[in-house]
Amino acid sequence: MPEYTYEPLEIEPKWQAVWQERHSFRTPSDPEELRAKPKFYVLDMFPYPSGAGLHVGHPEGYTATDVVARMKRMQGFNVLHPMGWDAFGLPTERSAVREGLHPAEITERNIETFRRQIQRLGFSYDWDREVNTSSPDYYRWTQWIFLKLYERGLAYMADVPVNWCPALGTVLANEEVKDGVYVETGDPVERRLMRQWMLKITEYAERLLEDLDDVDWPESVKEMQRNWIGKSHGADVQFAIDGGDETFTVFTTRPDTLFGATYCVLAPEHPLVAKITSEDQRAAVETYVSEAAQKTDLDRTDLSKEKTGVFTGAWAINPVNDDRIPIWVADYVLMGYGTGAIMAVPGHDERDHEFAREFGLPIIEVVSGSDVPIGEAAFIDNQDGVLVNSSGKDGFSIDGLKVPEAIARITAWLEERALGRGRVQYRLRDWLFSRQRYWGEPFPVVHTDDNEVAPVPEDWLPVGLPEIDQFRPTEDGRPPLARAGDDWLRVELPDGRHGTRETNTMPQWAGSCWYYLRYLDPHNEEQAWSKEAEDYWMPVDLYVGGVEHAVLHLLYARFWHKVLFDCGLVHTKEPFQRLFNQGMILAHSYRDVAGKYHHPSDVEERDGHFFSLSSGAGLETQIEKMSKSKLNVVNPDEVIAAYGADAMRLYELFMGPLEVQKPWQMKDVEGVNRFLQRVWRLVVDEKSGELNPKLSEVPSSSEPELERTLHKTIKKVSSDTETLQMNTGIAQMMIFVNEATVCPTLPRGILTTFLRLLSPYAPHLCEELWQRLGEPKLIAHAEWPSWDPDLCIDDTITVVVQVNGKKRDELQVARDADRESLERLALASEKAQKFIEGREPKRVVVVPGRLVNIVV
RNA sequence: GCCGGAGUGGCGGAAUGGUAGACGCUGGGGACUUAAAAUCCCCUGGGUGUAAACCCAUGUGGGUUCGAAUCCCACCUCCGGCACCA
């Protein structure tokens with residue numbers, strides 16, 4: 001029994017303690033030091049410290065960024081690699097209510113768990129820069145940025161239809177609601193009209209769209225943001241109401257189809273509805289409007305339902321031909337988009353077509369080219385379709401034009417007569433920025449007794465959360481902060497006015513909108529960050545996190561950053577230069593016929609089938625998202641206990657490409673664990689504990705084959721780490737170790753070079769072996785190796801001989817063999833001759849270094 | 001419906017116009033051992049064959065090419081996003 005085996009549980013805490021004591025990963029802040037080296041800012045999406053602790057999905061991205069951070073440090077960069085906590089939020093507040101504790105206590109407890117779990121993985125974070133969004137010296141600056149938004153007119157209060165979630169007792173942002181329910185909990189959401197804080201993100205729509213072109217992000221995320229912003233080109237067109245002075249404006253992307261408009265529709269909330277409805281239609285319209293108001297978003301957006309609507313009794317005048325067309329009210333038109341009113345062209349819009357057929361309204365063809373009669377289906381072609389039936393008053397006609405030209409012509413015509421104008425419309429709405437919660441940033445504003453909104457002076461910040469006895473809304477439905485006593489609520493402003501503090505709080509997203517800036521200068525008590533630090537470190541060079549924030553955090557943070565840019569507080573237009581989304585880690589779950597889930601520890605495999613150990617029942621296995629209810633959550637603590645942090649880190653990256661979804665398979669951790677043991681044995685003789693006797697001071701070139709493999713490995717690991725293709729980099733290191741294991745002697749230089757390559761991936765093991773090899777410094781501070789291109793190519797290479805594209809033989813040739821000799825050798829090949837069957841080669845394709853293809 | 005991504009052994013996955021299945025897991029065989037574990041070595045896509053070999057094979061069907069997992073067209077399936085946005 002060897003006594004000196006690889007014991008990760010002994011060496012890992014040892015090196016973690018060393019790094020911590022020596023502050024080995026403290027980010028330089030001395031200006032001299034900063035100037036001396038280029039910078040690299042590598043950032044993780046900081047976690048929300050929930051009560052459940054980490055699962056193995058969290059450290060996947062953290063491990064990838066840590067490997068990059070460690071390599072960059074070794075390559076001579078000043079590296080900023082921080083970690084912190086996105087700590088305000090609803091789940092914590094709910095736990096606090098449930099457990100009867102203060103949310104701050106729950107937060108502190110959860111952070112301690114998260115920090116302990118993260119630190120056990122040996123990440124090279126600069127813990128001196130840890131931030132916590134719920135701490136007053138952090139949210140002070142969140143409030144300060146809010147004041148900047150307010151000063152610039154980008155924060156305003158308005159009576160708006162909001163997403164109200166009765167189960168949670170708060171409003172939610174559009175981005176947090178999907179299919180009529182809150183995305184996090186599935187609780188239904190209803191429409192309500194409430195006075196709330198809004199942020200004018202729409203003012204930045206164009207820049208948020210345009211600047212996507214300048215960042216190195218996954219195309220899918222850019223596309224999601226583009227869709228969310230939803231830019232469309234079109235025109236506003238004015239319609240007069242027959243027999244009155246009223247007019248209304250519609251927005252359309254297809255002004256060319258104006259001659260095909262056979263009716264108009266107003267949204268039920270449109271202010272004109274009540275005014276124009278005729279007496280005999282009034283009862284029907286009022287019933288329809290009040291029913292629509294009571295519907296949830298889910299009901300209203302249910303596509304499978306039939307179109308509904310009611311005629312107002314009023315008529316509009318089509319401005320191009322003075323036709324009288326009826327005005328309807330229908331809930332398929334949304335008040336929140338465009339003008340809340342549309343012209344309906346059933347011939348060329350599917351929704352209008354469906355509605356027209358439902359209510360027997362006329363359908364006119366104005367764009368030709370459809371295969372089926374226009375009465376059967378709407379015809380959509382905005383490129384090659386040709387206009388027909390489109391001649392109106394004053395001799396104006398767009399007949400015979402293709403759609404794009406027709407759009408230009410009719411838009412110009414409308415503009416000349418002041419009947420309309422070309423316009424760009426965005427789908428993006430302003431950001432609903434207040435919540436009726438306790439555990440969030442208080443707004444730094446006061447409602448004065450004379451009904452004005454007044455920002456508090458900057459030197460009053462932070463506006464701290466008041467101590468209250470219950471974290472629930474008041475009995476009369478006001479937010480929890482309204483429970484605070486007058487000593488908090490009532491204030492006198494410097495100008496002598498009295499008022500009451502805002503009792504809403506900011507949403508969870510506020511703190512994460514700028515945390516990457518606080519890391520630059522986290523202890524600054526005078527400013528949110530210093531200009532020098534911002535100048536040096538920004539932008540973030542690499543940002544890694546889950547794709548679930550594609551249109552939430554990432555859009556909000558870009559918006560704030562652009563505002564800060566306009567304030568002259570940051571110097572880059574975009575905060576995150578390169579973004580990478582890691583894929584979700586899934587896990588096997590086991591379910592019996594009754595649908596009950598069984599924990600993996602209760603599962604036994606026999607001949608490829610699964611059975612419950614406790615009941616003997618047969619089980620089905622499936623790969624699913626990890627969740628408590630499915631009993632398939634893998635905790636990093638158990639992996640570390642069994643294999644150590646280095647094996648855990650290595651497996652996280654070896655599982656497969658970082659960006660794809662993949663299942664955790666505990667058996668596979670065994671493979672990387674064996675690899676680490678083999679590395680250990682390259683250095684340590686397990687029987688004696690001394691250095692491996694095969695280690696020798698001879699030059700690297702005395703093992704030429706291994707030296708070549710080493711240089712190929714340096715090259716591959718360097719580039720695969722940079723591009724985050726770490727699974728193949730690790731595979732290459734395994735190839736090296738397999739070769740080194742069977743090598744009769746191990747030149748010491750080869751081994752120390754290899755350990756430097758492996759050290760970002762398995763830092764504890766490599767520090768230990770580095771020390772045992774007598775190296776005085778930490779390997780974390782060693783220099784990253786470089787490769788010799790000549791040593792990355794073999795002297796003799798294998799060239800494939802194909803006949804008609806099929807592999808028939810292999811040739812061992814010198815690496816610089818020329819075309820002629822390759823062709824001669826290939827034609828001489830016996831195996832190839834057999835398939836040539838004496839025929840004359842029509843053509844011989846020679847790819848030097850690769851293959852020869854003989855075509856007969 | 002629209003937009004994006006993906007389909008390769010028993011499993012995770014390599015290969016982005018040039019030897020399909022690197023590396024790892026699983027399974028099988030062998031060495032060492034009193035034995036087991038660990039370790040080390042060999043084999044492990046399917047088919048025909050004693051063998052040497054040969055044939056088939058990257059979701060399906062076509063195409064381009066000397067040569068296609070890779071490029072093009074059509075289709076199928078799965079995953080993700082958006083969705084009455086005028």
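Residue numbers begin at 1 in each chain, while the letters A, B, ... track the order of the sequences.
A straight line from CD1 of Ile623(A) to P of C11(B) spans 10 Å, rounded to a whole angstrom. Atom-to-atom, NZ of Lys687(A) to C1' of A38(B) comes out at 12 Å; the value is rounded to the nearest Å. For the pair Asn227(A) CG and G1(B) P, the interatomic distance rounds to 18 Å; values are reported in whole Å. The separation between Ile380(A) atom CD1 and G1(B) atom P is 15 Å, rounded to whole Å. Between the P atom of G10(B) and the NE2 atom of His588(A) lies a distance of 16 Å, rounded to the nearest Å. Rounded to whole Å, the distance from NZ on Lys222(A) to P on G5(B) is 13 Å. Following rounding to the nearest Å, Leu212(A) (CG) and G4(B) (C1') show an atom-to-atom distance of 15 Å. A straight line from OH of Tyr263(A) to P of A86(B) spans 16 Å, rounded to a whole angstrom.
When heavy atoms are screened at a 4.0 angstrom cut-off, Thr741(A) is found touching no nucleic acid atom at all. The residue Arg681(A) sits close only to the backbone: its heavy atoms come under 4.0 Å of sugar-phosphate atoms, none of a base. Contacts of Val742(A) with the nucleic acid, taken as non-hydrogen atoms under 4.0 Å apart, involve only primed sugar atoms and P, OP1 or OP2.
Relative to the side chain of Ile342(A), the nucleotides A53(B), G12(B), A86(B) differ in distance, and A86(B) lies closest. Comparing G12(B), C79(B), A86(B) by their closest approach to the side chain of Lys662(A) singles out G12(B). Comparing C82(B), C54(B), A14(B) against the side chain of Trp228(A) picks out C82(B) as the nearest. In the set A14(B), A86(B), G12(B), the nucleotide with an atom closest to the side chain of Leu334(A) is A86(B).
The shortest distance between side-chain heavy atoms of Gln725(A) and Pro657(A) does not fall below 4.5 Å.
Ranked by how close their nearest RNA chain B nucleotide is to the 5' end, Val660(A) and Ile854(A) are led by Val660(A). Where Tyr651(A) and Glu350(A) meet RNA chain B, the nucleotide closest to each residue was compared, and Glu350(A) sits on the side nearer the 5' end.
A cation-pi arrangement is absent between Lys307(A) and Phe355(A) under the rule of less than 6.0 angstrom and at most 45 degrees off the ring axis. Figure legend: cation-pi geometry between Arg558(A) and Trp228(A) absent, as NZ or CZ is not positioned both under 6.0 Å from the six-membered ring centre and within 45° of its axis.
Between Trp680(A) and Tyr6(A), the ring planes lie tilted relative to each other; the angle falls in the 30° to 60° range.
U64(B) and C73(B): their P atoms are spaced 15 Å apart (whole Å). For A38(B) and G47(B), the P atoms lie 30 Å apart once the distance is rounded to whole Å. Taking atom C1' on both A31(B) and G46(B), the two are 31 Å apart, rounded to the nearest angstrom. Across G7(B) and G59(B), the matching P atoms stand 8 Å from one another, rounded to whole Å. Taking atom C1' in both A36(B) and G24(B), one finds a spacing of 26 Å when rounded to whole Å. If you take atom P in G17(B) and the same atom in C82(B), they sit 33 Å apart, rounded to whole Å. Only the P atoms considered, G45(B) is 8 Å distant from A22(B), to the nearest whole Å. C79(B) and G27(B) have their P atoms separated by 31 Å, with the value rounded to a whole Å.
Across all their heavy atoms, Ala344(A) and Asp352(A) have their closest contact at CA-OD2, 3.3 Å. Here the shortest heavy-atom pairing between His588(A) and Asn632(A) reads O-CB, 3.2 Å.
Consecutive Watson-Crick or G-U pairs involving RNA chain B, each under 3.5 Å on both distances, make up stems of three or more pairs at B:1-7 with B:76-82, B:10-12 with B:23-25, B:27-31 with B:39-43, B:45-48 with B:53-56, B:59-63 with B:71-75.
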Heavy-atom protein contacts under 4.0 Å, nucleotides 18-26 of chain B, coded B base, S sugar-phosphate only, - none: BB--BBSSS
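With a glycosidic angle no more than 90° from 0, G9(B) adopts the syn conformation.
Applying the side chain to side chain donor-acceptor pair (under 3.5 Å) definition to pairs two or more places apart or across chains, those involving residues 337-348 of chain A are Ser232(A)-Tyr337(A).
Remark: Glu354(A) CD to Phe359(A) CZ distance equals 10.0 Å, nearest 0.5 Å.
A close approach under 4.0 Å does occur between a side-chain nitrogen or oxygen of Lys806(A) and OP1 or OP2 of C56(B). At the phosphate of C82(B), neither OP1 nor OP2 sits under 4.0 Å from any side-chain N or O atom of Arg427(A). Phosphate proximity of C55(B) to Arg808(A): present, with a side-chain N or O under 4.0 Å from OP1 or OP2.
Side chain of Ser829(A) to backbone of Leu825(A): no donor-acceptor contact under 3.5 angstrom is found. Side-chain N or O atoms of Lys807(A) include none that pairs as donor or acceptor with a backbone N or O of Val800(A) at under 3.5 Å.
Judged purely by distance below 3.5 Å, without hydrogens or angles, the side chains of Asp720(A) and Thr728(A) pair a donor atom with an acceptor atom.
Taking the ring centroids of Phe654(A) and Phe675(A), they lie at or beyond the 6.0 Å cut-off.
Counting distance only, with no hydrogens placed and no angle test, the side-chain atoms of Lys842(A) and the base atoms of C66(B) include no donor-acceptor pair under 3.5 Å.
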